[in-house]
Each structure stands twice: as structure tokens, then as C-alpha cells.
Amino acid sequence: MHEFFLPVIQRALTALGITTDKAIRIEQPADKKFGDFSTNIALLVAKECRRNPRELALELISHLEFPADTIANTEVAGPGFINFYLTAHCIMRSVEELLLMGDTYGNGTGGEGKKAIVEYVSANPTGPLTIGRGRGGVLGDCIANLFETQGYRVTREYYFNDAGRQMQILGESVRFRYLERCGKESSFPDSHYQGEYIRDIAEKIFNEKGNSLAEESEVEFFKKSAEEIIFASIRKTLERLGIRHDTFFNEHTLYSAQGSEPSRNSAVIASLTEAGFIGTYDGATWFLTTKLGQEKDKVLIKSTGEPSYRLPDIAYHITKYERGFDKIVNVFGADHIDEYPDVLEALKILGYDTSRIAVAINQFVTTTVDGQTLKMSTRKGNADLLDDLIDDVGADATRLFFIMRSKDSHLNFDVELAKKQSKDNPVFYLQYAHARICSLLRMAKQENGFDPDSDTEHHLLQLLSSPAELQLGFALLDYPDTIKGCLRLLEPQKMVDYLHSLAEHFHRFYQECPILKADADISRARLFLALATRQVLHNGFRILGVSAPESM
RNA sequence: GUGCCCGUAGCUCAAUGGAUAGAGCAUCAGCCUUCUAAGCUGAGGGUUACUGGUUCGAGUCCAGUCGGGCGCACCA
């Protein structure tokens, strides 16, 4: 609805000869007695105009010109708010349009012709996915979905490294377990991966190779096998949540020279050297971030000659620019919080427009079972596995629980609650609304021959006028703005809240307004309203990646 | 010590600088001979951790204090 009000208010301001750099904002008052929509523009500009805000608001009102039969009333209230009340006609007209748009309702055009990349999960294949990773995975997936609604061509990317030290340790861990399996003495180090899955991998190798590798001192085979097996399991887990990446970017490709061209890592060092931000001391090559006011310089190439993770990270981001992405979104957990500012600084120095980059950081997940908090660590092998959680509570609850809290808040995942097949579980409240509508439509077809595909007299909606009907209709109009709000903040949680409140409006409407038992025209009008609600629930569920059950 | 996040009802969490701080769960009281009661209606429950500041207006912004989480490697 923002698009509806903004130009009208802007014209009124111009008519009064007021220019301001303050953004006009349209908000929805919490309390309906302050209107369906409201603006504080008079309060904002009053000062610079040296005017009384109320008087200014009154004058503004007289210059507002809305299309016929859309605004029932405009008033000035409080210190100078301007409150607007929509007509029933306006609300139901919009619901009619919604029905015509169907699956595309809520979509925008802001991203047409643009490319976006969303990078998420990006776990190295050292072990099965943990619950903590799941939160970032679902968050990233939803963000990608949100960008698609605006017309962006979205690439979902997974960045990984199969060459670092952690992978080496992984290989060694498997080798130790394998030797144990062969009946040999092995002193498994505390520093290595303790998880049961290491034994499973060793077992698998033993079953295929017997003890033929017992004398093998090279760890390479064990590492490679482990990587393959673990990666397959990660992808399988993600698939269960409906998360599919388009591209898997191997960090190691940044290390090797391309024909006569130097490696991407070297190219970064060369450019940063040219810019004067590279120094060498203590046997290492440093990014001179102290020049940018930071406390310490950051190592780009270790004294061993290997790049630290920062260098390929910078090189990696350059590829995102070179691949032509207009919007670059990175999703990661709070433990990587210190990582990206250096990357941004380097990109800035190298002349890249870092305003294209948006970073979504999700805080940690603590899992509680029976009120007990579980602490996790992949290394120690006592991690909560994402797979186990999905087994326990199902994919829908897993996804919804991960995004029903703001990404900035520490998520308390109550496994007992998510497991409950009862109304305590918020997943059911949303899905129930959808199932209820489907059931209603089935019955309408059976008993009254109502068929949404051929029955298109949507104008009957104009017959509806009760508060429950209008409030539901009004809630439906919020959906497009909700998407935009989610995108602005990279925060799908707002969609969960919105859908919850939409479901609430529907249930109230359902309670108060007989649908199949009403007079023929009213009955059809209410069916259209229910149909529109189902459409919006359906569209919203698709963004969240939650299923829309037709019966429960 | 320092960087980032958080501190809001008994619990889990909302609230683009706006008007009387809201939901769910839990507690209590109502609503099914009627389209799915996995629902609806109502009640109680708050010094928004604390202290200052900015402004017409602060849970929100700024400074400080106190608590909790996560980082602070020549690991990723």
C-alpha cells in the first residue's frame, strides 16, 4: 500500500511548496482507531518549515487527492499525525486483484534483470551438519526465496574447502579408526574428530578394502573417502529441508594458476601490494589493517607459505563481482563475525562497490530437551545433529522454528515443543488455517458446486462488509509490504509473524461468518475471501519452505 | 581486556523513533445437535536490567553501569 499513498502525499507537499529530504513513511497504527494507515510527515517537516505540525497537517489534507472511492476518511490526530481510513470497496477491490494474480501475488519488479548470489551453509566436509548450521541454512534459503519474488535471478552457492588443516585432521582421524578396525594399536589424539561417524567411515572403508591399507602411511585416501561420504550426507540432510544449492564453489580453485595467469590468491596479493597494504614480517605476509585503524594486522600468507583463510575469501568475493552479481548476500553464524569486515576493507581498497554486499549473521542455537541445555562441538563428537532433529520433529517444524525468531536473537530450540503434534506447536496453527480452507473449499464444491477455476465472479466480494471480513481482507493486502520488509532487513521472521496474524484473522472470520450456510451470493463472496487467504498462506509458505497441507 | 549480539509478562519471543509496549504457552472464566474445537471470545499478569542524555515523542538512538552469549590464531 506504500506505493498507493506516497505519490499522493508527495504531490500535496509540492502543492504547498514544501521540499524535504525526509522520507515519507506510511505506517499501520497498532490501534485501528488511529486509522488503517497513518503518516507522521507533518511532524517531520514542521520543524524545518517553522510551522505548527497540526496546522500543517490540516493544510496537507486539503491537498490530498486520492482515486475515487478508496479513502473513507482522513483526519488529523494527536500532535499532527494524519490518519487514513480505507473504504470497504478499496479493500475488496484489492482482494479481487489478488485472486487474479494468484501465485505471483506479492511479487515485485525491483530485481528484474538483476542477478543475486546468496551464499549459505558453506560448511567444510569435516562432519555431518549440526543444528547450528541448520539455522543459517534455512535463513539463507528463505532469503534466496525472497529475492526471487522481486525478479532477481538468484544463485544459491555453497563455498567449501577440502584442502585445509581441518581436512587433514579429518583424514588422520579416519585412518586411526581404520587401524583400530584392523585390530592395530592406535592412540587416537584428543585433538582429532571424536564423532561416531568417523568410525562409520572407517568401517565402510574396511568393508571395501579389508586391511589392505593397514600399512598405508599416506592419509590422502582416507581424507578423500571421508570427504565424499560426508559431503553426500550433508547434501542429503539439506535436501530433506528442501535446501538445494546451484553451485558448489571449491576454495581450492583460487590457489592454482590458470595457464599463464597467476592464481587468484596471488592476484589479490599483487593488487593489495600495489595499493600499499601488504607487508612482510615474521616470515609471513600481512594485510596492513593497522593502517585502517585496526589493532592488529591480519595474516594473508602464513610463514609456511600457505594462505590463511582470509586471502582466498577476498579472492572468492572478487569472483562474485566478476560473475556479475548485483546483490551479494552472505549468511553465516555469529562465530564468523570477525571475518567479513577485513574482506570488505580489502574489496574497498581494490575499488569494488561494497554496498552490493549484505551480510546476514545469525546468532547461535541452543537446544533444550526436557529443559536441559545441550552444548555442542563437532570436534568432540557430541554435536546435536541436524539429521536427528529432522527425524525428531519433521522438516516443517525444523524450518519454521529456525526462522520464527529474529536472526539476532539467540534461538532456544525446544525440541519437546517442536515434537508436539498439538496446538502448542506454532507450526500447526499456520498449517491448520490452510488445511481448514482446503476442507471448506472441498465441501463447497461437493455441496454447492463451487469451482474456483470456473467461478470468477470476484466482484461479489463487494457484498462483504462485516468487521471480521474487512479485517481479513485488509490483512491480505499487507503481504507485498511484508515481503519487502523481510528483504530490507534480511529477516524472514517477519513473514512468520505476518502469517500468524493472517491465520488469526482467518480463524476469527471463520468463527463469525457462516460460509456454506449463508445466502448464495454472500456464500460465494466468503468463499472467494477464503480462497484469497489460502493463496496468501500458500505464497508465504513457499517463501518459508514450509508445506501447505490440504488436510490435517 | 576488547569487537559483535542479547537483556521486554511466570516461560519463549514480537514491536521501520510514534499514540494505551503486543502475541503464543502457562493460569483462570466462557463458546461445538451448526462449514475441521489443531479453533474462537474474555480476564489476570510490565518501573522494557540500571543511570544519565538527544527530541515534539525513546523498548528502539547516544554515553556509561550491571548481567548472559559468541568471537578475538600464521584454524576455517
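Chain A is the first sequence line, chain B the second, and so forth, proteins listed ahead of strands; every chain is numbered from 1.
Residue A:L441 is out of contact with every strand shown, counting any heavy-atom pair closer than 4.0 Å. At the heavy-atom level, A:M443 lies under 4.0 Å from the strands shown only through sugar-phosphate atoms. Nucleic acid contact for A:A435: base, since at least one base atom lies under 4.0 Å from a heavy atom of the residue. Counting any heavy atom pair closer than 4.0 Å across all strands shown, A:E504 reaches sugar-phosphate atoms only and no base atom. Among the atoms of the strands shown, only primed sugar atoms or phosphate atoms (P, OP1, OP2) are found under 4.0 Å from some heavy atom of A:R508. Among the heavy atoms of the strands lying under 4.0 Å from A:H336 is at least one base atom, whether or not backbone atoms are also near. No engagement by A:T285 is indicated, since no non-hydrogen atom pair under 4.0 Å with the nucleic acid exists. Contact annotation for A:E251: backbone-only contact, meaning every heavy-atom pair under 4.0 Å involves sugar-phosphate atoms and none involves a base. The residue A:D282 sits close to a base: some heavy atom pair falls under 4.0 Å. Base engagement by A:D338 is indicated by at least one non-hydrogen atom pair under 4.0 Å involving a base atom. In this structure, A:S439 reaches the bases: a heavy-atom distance under 4.0 Å links it to at least one base atom across the strands shown. Within 4.0 Å of A:P341, counting heavy atoms only, lies no atom of the nucleic acid at all. Using a 4.0 Å heavy-atom cutoff across all strands shown, A:C438 reaches no nucleic acid atom at all.
Following rounding to the nearest Å, A:D162 (CG) and B:rA76 (P) show an atom-to-atom distance of 13 Å. Atom P of nucleotide B:rG71 and atom CD1 of A:I337 are separated by 12 Å, given to the nearest angstrom. If you take CZ of A:F509 and P of B:rU41, they are 14 Å apart, rounded to a whole angstrom. If you measure from atom OH of A:Y340 to atom C1' of B:rC72, you get 15 Å, rounded to the nearest angstrom. Between the NE2 atom of A:H505 and the C1' atom of B:rG39 there is a distance of 15 Å, given to the nearest Å. Distance CZ (A:R54) to P (B:rG18): 20 Å, rounded to an integer number of Å. Separating the CD1 atom of A:I515 from the C1' atom of B:rU34 is a distance of 13 Å, rounded to the nearest angstrom. The NE2-P distance, from A:H507 to B:rC32, rounds to 19 Å in whole Å.
Judged by atom type and distance alone, A:N83 reaches the base of B:rA19 through a side-chain donor-acceptor pair under 3.5 Å. Side-chain N/O atoms of A:S122 and base N/O atoms of B:rA76 include no donor-acceptor pair closer than 3.5 Å.
Taking the P atom of each, B:rG57 and B:rC13 are spaced 34 Å apart, rounded to whole Å. Nucleotides B:rC75 and B:rU65 are separated by 35 Å at their P atoms, to the nearest Å. Between the P atoms of B:rA15 and B:rA9, the separation comes to 15 Å (whole Å). Taking atom P in both B:rA38 and B:rA21, the straight-line distance is 34 Å, to the nearest Å. Atom C1' of B:rC5 sits at a distance of 30 Å from the matching atom of B:rA19, rounded to the whole Å. Straight-line distance between the P atoms of B:rA14 and B:rU8: roughly 11 Å, to the nearest whole Å. B:rG59 and B:rA76 are spaced 45 Å apart, taking the P atom of each and rounding to whole Å. Comparing the C1' positions of B:rA63 and B:rA23 gives a spacing of 33 Å, expressed to the nearest Å.
A distance below 6.0 Å separates the ring centres of A:Y159 and A:Y316. Residues A:H245 and A:Y120 place their aromatic rings such that the two centres sit under 6.0 Å apart. In this structure, A:Y158 has its ring center closer than 6.0 angstrom to the ring center of A:F231. Proximity of the aromatic rings of A:H252 and A:Y255 is defined here by a centroid distance below 6.0 angstrom, and this criterion is met. Between A:F5 and A:F37, a ring centre-to-centre spacing shorter than 6.0 Å is recorded.
Side chains of A:F509 and A:Q471 form no contact here, defined as non-hydrogen atoms less than 4.5 Å apart. Looking only at side-chain heavy atoms (C-beta outward), A:I234 and A:L238 come within less than 4.5 Å of each other.
Once rounded to the nearest 0.5 Å, the distance linking CZ of A:R526 with CG of A:L463 reads 10.0 Å.
Contacts between residues 289-301 of chain A and RNA chain B, defined by a heavy-atom separation below 4.0 Å, involve A:K296, A:V299, listed by number. Within residues 469-499 of chain A, the residues having any heavy atom under 4.0 Å from RNA chain B are, by residue number, A:R488, A:K494, A:D497.
Under a 3.5 Å cut-off, the side chain of A:S308 and the backbone N or O of A:V299 do form a donor-acceptor pair.
Within the structure, a side-chain polar atom (N or O) of A:Y429 is placed less than 4.0 Å from OP1 or OP2 of B:rC40. Side-chain N/O atoms of A:S409 include one lying less than 4.0 angstrom from OP1 or OP2 on B:rA14. Between B:rA76 and A:K302, a contact under 4.0 Å exists linking OP1 or OP2 to a side-chain N or O. Contact annotation: A:R436 side-chain N/O to B:rG39 OP1/OP2 distance is not under 4.0 Å.
Aromatic stacking of A:F428 on B:rA38: satisfied, with centres closer than 5.5 Å and planes within an angle under 30 degrees. Stacking between A:F81 and B:rG18 is absent: the aromatic ring centre is not both under 5.5 angstrom from the base six-membered ring centre and within 30 degrees in plane angle.
In this structure B:rC62 sits in the anti conformation; its chi angle is more than 90° from 0.
Note: A:F413 and A:F402 have perpendicular aromatic rings, judged against thresholds of 30 and 60 degrees for the angle between ring planes. Ring pair A:F277/A:F287 is perpendicular by interplanar angle, where above 60° counts as perpendicular and below 30° as parallel.
Remark: A:K494 does not engage A:D497 in a salt bridge, criterion side-chain N to carboxylate O under 4.0 Å. Under 4.0 Å is where a charged nitrogen must lie from a carboxylate oxygen, and between A:E119 and A:K320 at least one such pair does. The existence of a salt bridge linking A:K223 and A:E172 is excluded, since no basic side-chain nitrogen approaches an acidic carboxylate oxygen closer than 4.0 Å.
Judged by distance alone, the side chains of A:S263 and A:S266 do bring a donor and an acceptor atom under 3.5 Å apart.
For A:R25, taking side-chain heavy atoms from C-beta onward, the closest of the listed nucleotides B:rC35, B:rG17, B:rA76 is B:rG17.
For the pair A:L411 and A:W286, both in contact range of RNA chain B, the more 5′-proximal nearest nucleotide belongs to A:L411. If A:F34 and A:N124 are placed on RNA chain B by their nearest nucleotide, the residue sitting closer to the 5' end is A:F34.
For the strand RNA chain B, secondary-structure stems (runs of at least three Watson-Crick or G-U pairs, all distances below 3.5 Å) span B:1-7 with B:66-72, B:10-13 with B:22-25, B:27-31 with B:39-43, B:49-53 with B:61-65.
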(request) Could you please spell out the steps behind the side-chain contact (heavy atoms from CB on, under 4.5 Å) verdict for A:R524 and A:D455? (result) CA-CA 9 Å; A:R524 282 160 75 201; A:D455 199 333; 3.0 Å; yes
